[in-house]
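Chain naming here is simple, since letters A, B, ... match the order of the sequence lines and numbering starts at 1 in each. As a basis for the values below, the full set of heavy atoms in this structure was taken, side chains included, without hydrogen atoms, waters or symmetry mates.
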Amino acid sequence: MAQIHLEVVTPAGQVVSDDVDIVTAPGTSGEFGVLAHHANFLSTIKTGVLSFKKDRQIKYMMVSKGFAEVSDNTITFLVESAEYGYDIDVDRAIRARERAERRLTQALAHDEAMNRTLAEAALQRAVARLAAAQCSGKA
Amino acid sequence: MSGLKEVKNKIEGVSKTSQITKAMNMVASAKLRGAQMRMESFRPYAEKFAKAMTKLSAGPSSDQPLMAVREVKTVDLIVVTSDRGLCGSFNTNIVNKAKKLIEQHEQAGRTVTLITVGNKATQAFKRSGKIRQSYKDIMGSFQMFNAREIAEDTATLFLEQKIDRTELVYAKFKSLSTQIPVQETLLPVSPVVEEAGENGVTAEYIYEPSPAEIMENLLPLHLNVQVLHAMIEVSAGEQAARMTAMDNATTACGDIIKDLKQLYNKARQAAITGDLMDIVGGAEALKG
């Protein structure tokens with residue numbers, strides 16, 4: 001099967017550089033899948049679960065805000081953070097989710113727009129982490 | 001002539017100082033390796049980001065609130081220095097650069113507010129009363145979210161039209177021996193112009209959502225990247241500057257010890273000669 005080169009780059013370094021069969025990513029206007037020889041494409045990415053298939057094995061990872069670019073049979077993700085599902089500390093993610101939920105209710109009660117967006121983003125990250133961990137068979 | 005004991009004490013003191021400076025040099029060089037690695041791993045991200053920005057700002061999507069150029073009345077300066085001293089003139093150079101900029105802006109009749117990142121910047125401008133926000137003790141272990149907080153803060157004020165321009169002052173890590181204080185304009189974001197040298201063929205892209213919307217999402221991230229970049233450069237530069245400063249200090253200690261040893265030996269010799277003279281004089285007196 002024709003493959004596409006996948007690169008996931010974060011400020012802390014390159015996380016993935018591999019030839020894969022298919023990539024499924026959480027775009028801001030909906031999830032999309034990319035196969036080999038896809039047309040040039042640019043999309044923003046929201047916090048969520050990115051998955052790709054290689055050698056009949058699907059791997060899941062959590063990605064946060066950024067964007068993806070497809071050109072020359074290469075898909076590059078530039079995201080603020082990326083973690084493999086099986087690397088995720090589930091207990092920590094659960095604690096983070098609880099903390100974010102608390103902050104969110106607090107922010108809503110006091111009507112603080114700034115805290116609200118921050119708490120929402122934190123909650124999204126925690127939820128995405130848990131989802132990625134779950135898909136990878138953890139928790 | 002200073003006493004023998006005094007000189008000896010001094011030698012001991014200086015050699016202890018040199019031990020400390022030597023240790024600090026080694027610690028700084030170890031930390032520098034970490035900071036440089038961070039710089040290396042950040043580079044691909046920054047490069048690819050800049051490339052995408054170029055592609056997008058070439059299109060019709062440059063009409064963004066974060067790019068709005070207004071008449072400049074108020075300026076936000078983000079000054080990035082290290083948290084700790086003992087690294088030569090590294091922080092002083094950045095602070096001086098910032099002071100010069102403040103002066104320039106004030107002469108042009110603009111109001112300047114400061115965001116200081118790192119303890120040294122905060123200390124330097126504490127009395128000026130211009131500090132709007134300061135971030136302390138973060139240069140040791142900062143992350144993307146620290147940079148995001150700073151960038152979002154200034155972007156919010158920019159969008160509320162409370163400030164018309166944001167500039168970033170930090171030191172670029174050129175090499176181990178040179179770190180150059182620089183100033184960059186953060187806001188309004190200026191569209192990146194593609195160099196004419198590259199073949200003028202820009203591939204057609206499918207955008208999802210529209211280029212303008214992508215740009216709207218990308219610009220805040222772009223600010224984060226720039227602030228983070230400045231912080232990474234400063235943290236590497238700090239360690240490099242400290243390494244050089246401590247190396248110089250260790251060498252200076254060696255020189256001082258050498259001089260003091262000479263002084264000590266001279267004093268000891270003088271004391272011996274004096275004693276001998278006494279003995280000889282006493283013997284002569286007894287003979288008589």
Trainee: Check each atom of A:F41 against the heavy atoms of chain B and say whether the ones under 4.5 Å are side chain, backbone, both or neither.
Mentor: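 Backbone plus side chain of A:F41, per the 4.5 Å heavy-atom cut-off to chain B.
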
Trainee: Please test B:L66 against B:E216 for side-chain contact (heavy atoms from CB on, under 4.5 Å), starting from the C-alpha separation and ending with a verdict.
Mentor: CA-CA 8 Å; B:L66 281 173; B:E216 212 177 299; over 6 Å; no

Trainee: What I want to find out is whether A:E98 reaches A:R95 closely enough, with some N-O distance under 4.0 Å, to be called a salt bridge.
Mentor: no

Trainee: Which residues in residues 2-16 of chain A have any heavy atom lying under 4.5 Å from a heavy atom of chain B?
Mentor: A:E7, A:V9, A:T10, A:P11, A:A12, A:G13

Trainee: B:L228 versus chain A, heavy atoms under 4.5 Å apart: side chain, backbone, both or neither?
Mentor: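 Side chain only.
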
Trainee: Write out, in numerical order, the residues from residues 19-29 of chain A with a heavy atom short of 4.5 Å from a heavy atom in chain B.
Mentor: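 Residues of residues 19-29 of chain A touching chain B at under 4.5 Å: A:T28, A:S29.
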
Trainee: Applying side-chain contact (heavy atoms from CB on, under 4.5 Å), run through B:F90 and B:V234 and close with a yes or a no.
Mentor: CA-CA 9 Å; B:F90 179 72; B:V234 165; 4.1 Å; yes

Trainee: Is atom CZ of B:R70 surrounded by more than 12 heavy atoms (other residues, nucleotides or ligands) closer than 6.0 Å?
Mentor: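 Counting other residues, nucleotides and ligands, CZ of B:R70 exceeds 12 neighbours.
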
Trainee: Do you know which of B:E152, B:H229, B:E149, B:R148 has the most heavy-atom pairs with chain A at a distance under 4.5 angstrom?
Mentor: B:R148

Trainee: Taking it one step at a time, do B:K97 and B:Q183 satisfy side-chain contact (heavy atoms from CB on, under 4.5 Å)?
Mentor: CA-CA 8 Å; B:K97 175 101 187 167; B:Q183 160 240 338; 4.0 Å; yes

Trainee: Using a strict cut-off of less than 4.0 Å between a Lys/Arg side-chain nitrogen and an Asp/Glu carboxylate oxygen, indicate whether B:R242 and B:E238 qualify as a salt bridge.
Mentor: yes

Trainee: Kindly check if the number of other-residue, nucleotide or ligand heavy atoms within 6.0 Å of NZ (B:K31) is above 12?
Mentor: no

Trainee: Could you walk me through whether B:D153 and B:R132 pass the salt bridge (charged side-chain N to carboxylate O under 4.0 Å, His left out) test, one step at a time?
Mentor: CA-CA 11 Å; B:D153 178 29; B:R132 186 164 71 69; 3.7 Å; yes

Trainee: Can you tell me if B:R84 has over 12 outside heavy atoms packed within less than 6.0 Å of its CZ?
Mentor: no

Trainee: Does any heavy atom of chain B fall under 4.5 Å from the side chain of A:E69, the backbone, both, or neither of them?
Mentor: side chain

Trainee: Please classify the contact between B:L218 and chain A as side chain, backbone, both or neither, with a heavy-atom cut-off of under 4.5 Å.
Mentor: side chain

Trainee: Could you tell me whether B:E184 and B:K172 make a salt bridge, using a distance below 4.0 angstrom between a side-chain N and a carboxylate O?
Mentor: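 Answer for the salt bridge query: yes.
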
Trainee: Run the side-chain contact (heavy atoms from CB on, under 4.5 Å) test on B:V80 and B:I94 for me, step by step, so that the C-alpha distance in whole Å, both residues' side-chain angles and the decisive distance to 0.1 Å come before the verdict.
Mentor: CA-CA 8 Å; B:V80 190; B:I94 302 176; over 6 Å; no

Trainee: Do other residues, nucleotides or ligands put more than 12 heavy atoms under 6.0 Å from B:K51 NZ?
Mentor: no

